Amino acid sequence: MSKEPADPKIKEKVLAYLETVEKAKSKDIAKAIGEVKSDVDNAIKELAIEDKIEYLYITTTFVALKGKVGAP
């Protein structure tokens, strides 16, 4: 099941939103930027591959800008 590449505008919105918070869940990002969660998930996946954001596993999965959140 192949997905289309993420919309660059959504990727920009995700990065801009993550600038304003320490960390966030993908569903909260989707709600905040007014996009469909599956599109946001796809953008997050690509941004992680591009090494612009990172996944954080703190009892649940969060995402944050690369290097923004220090070690616990």
Side-chain angles (χ1 to χ4, degrees):
M1 185 165 99
S2 159
K3 286 201 119 186
E4 293 290 318
D7 183 337
K9 292 178 185 175
I10 294 176
K11 290 168 68 173
E12 289 175 21
K13 287 181 179 182
V14 168
L15 289 173
Y17 178 74
L18 288 173
E19 288 281 347
T20 68
V21 297
E22 182 179 11
K23 62 185 183 289
K25 293 183 176 184
S26 61
K27 70 177 182 174
D28 297 329
I29 296 170
K31 184 176 179 182
I33 67 173
E35 298 290 346
V36 177
K37 184 180 176 298
S38 60
D39 293 340
V40 171
D41 288 340
N42 195 27
I44 288 170
K45 182 181 86 175
E46 286 188 18
L47 289 166
I49 291 169
E50 294 168 9
D51 206 31
K52 294 182 179 177
I53 65 171
E54 58 190 351
Y55 288 97
L56 306 170
Y57 301 101
I58 311 168
T59 66
T60 188
T61 304
F62 292 92
V63 293
L65 290 176
K66 184 77 175 182
K68 188 169 186 175
V69 178

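Fair warning: this is a prediction, and the values are worked out from it, not measured in the lab.
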Legend entry - Spatial distance of atom CD1 (Ile29) from atom CD1 (Ile10) [nearest 0.5 Å]: 12.0 Å

Legend entry - Partner set under side chain to side chain contact (heavy atoms under 4.5 Å, CB included) for Ala32, not counting sequence neighbours: Tyr17

Inset, instruction - Just jot down the side chain to side chain donor-acceptor pair (under 3.5 Å) partners of Lys9, sequence neighbours excluded, or say none. - result: none

Inset, instruction - State, to 0.1 Å, how close Lys11 and Ala43 come at their nearest heavy-atom pair, and which atoms those are. - result: CG-CB, 3.6 Å

Inset, instruction - For residues Glu54 and Lys66, report the shortest heavy-atom separation together with the two atoms involved. - result: OE1-CD, 3.9 Å

Legend entry - Residues which pass side chain to side chain contact (heavy atoms under 4.5 Å, CB included) with Ile58, listed by chain and number, not counting sequence neighbours: Lys23, Leu56, Phe62

Inset, instruction - State which residues pass side chain to side chain contact (heavy atoms under 4.5 Å, CB included) with Lys27; sequence neighbours excluded, sorted by chain then number. - result: Lys25, Lys37

Legend entry - Side-chain heavy atoms of Ile53 within contact of Leu15, under 4.5 Å: yes

Inset, instruction - Kindly write out the residues that satisfy salt bridge (charged side-chain N to carboxylate O under 4.0 Å, His left out) with Lys13, not counting sequence neighbours, or none if the list is empty. - result: Glu35

Legend entry - Single hit among Val14, Leu47, Leu18, Val40 for side-chain contact (heavy atoms from CB on, under 4.5 Å) with Val63: Leu18

Legend entry - Glu19: salt bridge (charged side-chain N to carboxylate O under 4.0 Å, His left out) partners, not counting sequence neighbours: none

Inset, instruction - Would you confirm whether Asp41, through its side chain, and Ser26, through its main-chain N or O, come within 3.5 Å as a donor-acceptor pair? - result: no

